[in-house]
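Below is one structure, written out as structure tokens, with a few remarks after it.
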Amino acid sequence: MNVKNGESAWTVDLFGAEQVGLVQERLGQALVDMQANARAAQSEGDVDTNHPYGWTRWSGSYTQVARQFEDVKGAVVFKPSGFPFKLVHVGRGLLYPFRFSTEDTPIRSAKLPSVGPFIRELFTFAPRPSQTSIFDEHPGLGPGSVEVRPRLASLPEGAQLVLVPYACNPHGLLKPYWGVASLVDEQGTLDWVTPPEPLPLAATPTRRRLSVVPPQVSTLQHASFDSGEQPVPLLFARPDAEQGRDTPPMTEPDPIKPLAHEDDEN
């Protein structure tokens, strides 16, 4: 532990003694903002399912973390080609938030929701597990065998994946954590290299969502395609000479007969 400020040695090593407190604060604020936005989406959705909350929560966890670090000195917000979300590299830490439960579940039992290509690439920046892992059973998935996208591969040497697991549901955000872990198997089992530590949460969100839908303009106030003024047709009287000879009115001009056919020789 850092005796002066109370930070763990691994956090000081990855983020620096001067910046680790700021990183903690921004992560806690990002998760509070994520939860506030997701709950607002659920409330405004007025539906029987939790889909508005779930989608806003999933995308918001990455979006809000990225927003919190856009103005942090030395932090880099980037989106590797093909990735569905943005990542943040600050100090030597590569931040990855994820929800591990909807209930107050012990953090030691936390698992990744899924293990796909994106996750395997991220875990090339994690330590090798001390126990038998997915990389031992499937050597083709080992850190040296996984093809890492150029933007990730260009991270400075020594970059370390930092997990930010949290539990939440539409009713509340449970205590989030952060730490360094290895991936053990395809079920998302984690082998914690550092003890997962609680993250402090902000008291209030920084981004307030609309709590009331603005007044909607009635469709009756919009002009329809046939509500304008009707055009006045131009009418002309026939010459007296035509009327005296009973000449029928000409509504269309006589067709012009071509003087040559397209098949005629030139």
Side-chain angles (χ1 to χ4, degrees), residues 24-70 77-88 94-123 126 149 161-179 181 183-190 192 196-214 216:
Q24 281 184 321
E25 177 185 333
R26 294 299 179 95
L27 280 174
Q29 185 68 68
L31 295 179
V32 168
D33 293 347
M34 170 208 72
Q35 177 72 0
N37 287 352
R39 293 187 66 179
Q42 182 67 36
S43 176
E44 299 298 343
D46 192 23
V47 294
D48 295 332
T49 69
N50 289 334
H51 293 166
Y53 172 85
W55 171 248
T56 309
R57 191 274 314 161
W58 181 85
S59 59
S61 63
Y62 308 109
T63 301
Q64 297 301 332
V65 169
R67 285 176 177 170
Q68 285 294 325
F69 285 89
E70 285 176 343
V77 178
F78 66 102
K79 186 174 182 290
S81 176
F83 261 56
F85 48 80
K86 293 180 179 180
L87 296 170
V88 174
L94 178 62
L95 307 177
Y96 177 63
F98 68 96
R99 184 174 74 170
F100 72 93
S101 179
T102 60
E103 302 175 352
D104 191 6
T105 306
I107 183 59
R108 287 288 185 174
S109 63
K111 290 186 177 183
L112 294 169
S114 63
V115 179
F118 304 126
I119 298 300
R120 292 192 178 99
E121 288 185 51
L122 292 178
F123 272 87
R149 287 155 222 261
L161 181 65
V162 177
L163 302 181
V164 186
Y166 60 91
C168 69
N169 56 53
H171 304 291
L173 173 64
L174 307 178
K175 185 180 294 184
Y177 298 83
W178 67 341
L183 179 60
V184 176
D185 55 36
E186 294 188 48
Q187 286 69 50
T189 304
L190 299 172
W192 290 98
E197 301 177 7
L199 273 173
L201 291 175
T204 58
T206 56
R207 296 177 183 272
R208 294 288 185 181
R209 303 293 296 182
L210 291 174
S211 58
V212 178
V213 177
Q216 303 298 300

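Only a predicted model underlies this, so the values are computations on that prediction, with no experimental measurement involved.
- Taking the side chain as every heavy atom from C-beta outward, L190 and F123 approach each other to under 4.5 Å.
- Side chains of Y166 and M34 form a contact here, defined as non-hydrogen atoms less than 4.5 Å apart.
- Residues V88 and A66 approach most closely at CG2-CA, 3.8 Å, considering heavy atoms.
- By the side chain to side chain donor-acceptor pair (under 3.5 Å) test, Y96 is found to be paired with no residue, residues two or more places apart in sequence or in another chain being considered.
- Shown here are the side chain to side chain contact (heavy atoms under 4.5 Å, CB included) partners of P113, two or more places apart in sequence or in another chain: F98.
- Minimum heavy-atom separation, W192 to P165: CH2-CG, 3.9 Å.
- Of the N and O atoms on the side chains of T206 and D33, at least one donor lies less than 3.5 Å from an acceptor on the other residue.
- Taking CG of L95 as the reference point, atom CD of Q68 lies at 12.0 Å (rounded to 0.5 Å).
- The distance from the CZ atom of R67 to the NZ atom of K86 is 8.0 Å, given to the nearest 0.5 Å.
- Rounding to the nearest 0.5 Å places NZ of K175 at 15.5 Å from SG of C168.
- Taken to the nearest 0.5 Å, the CZ atom of F83 stands 4.5 Å off from the CG atom of L122.
- Contact record, L183 with G188: CD1-CA, 4.0 Å, taken as the closest heavy-atom pair.
- Annotation for K79: atom NZ counts as buried by contact number, over 12 foreign heavy atoms lying within 6.0 Å.
- Scanning for side chain to side chain donor-acceptor pair (under 3.5 Å) contacts around R26 gives D71, with sequence neighbours left out.
- Q187 contributes no side-chain N or O that, together with a main-chain N or O of L112, makes up a donor-acceptor pair within less than 3.5 Å.
- Residues L163 and Y177 are not in side-chain contact: their nearest non-hydrogen atoms beyond the backbone lie 4.5 Å or more apart.
- Atom NE2 of H171 is separated from atom CG of N50 by 7.0 Å, given to the nearest 0.5 angstrom.
- With hydrogens and angles disregarded, a donor-acceptor distance shorter than 3.5 Å links the side chain of Q35 to the backbone of N169.
- Each ring-ring contact (aromatic ring centres under 6.0 Å, His included) pair with one or both residues in residues 27-65, not counting sequence neighbours, appears once here: W55-W58, W58-Y62, Y62-F85.
- Looking only at side-chain heavy atoms (C-beta outward), E186 and R120 come within less than 4.5 Å of each other.
- Here E121 pairs with R149 under the side chain to side chain donor-acceptor pair (under 3.5 Å) rule; sequence neighbours left out.
- For R99, there are no salt bridge (charged side-chain N to carboxylate O under 4.0 Å, His left out) partners at least two apart in sequence or on another chain.
- Residues R39 and Q42 form no side-chain contact, since every pair of their non-hydrogen atoms from C-beta on lies 4.5 Å or further apart.
- L199 is linked by a side chain to side chain contact (heavy atoms under 4.5 Å, CB included) to Q24, L27, V164, P176, W178, counting only residues two or more places apart in sequence or in another chain.
- Smallest separation of non-hydrogen atoms from L173 and L201: CD2-CD2, 3.9 Å.
- The side chain to side chain contact (heavy atoms under 4.5 Å, CB included) check on S109 picks up T105, P106, with sequence neighbours excluded.
- Smallest separation of non-hydrogen atoms from P205 and A36: CB-CB, 3.7 Å.
- The heavy-atom pair separating P52 from A41 by the smallest distance is CB-O, 3.6 Å.
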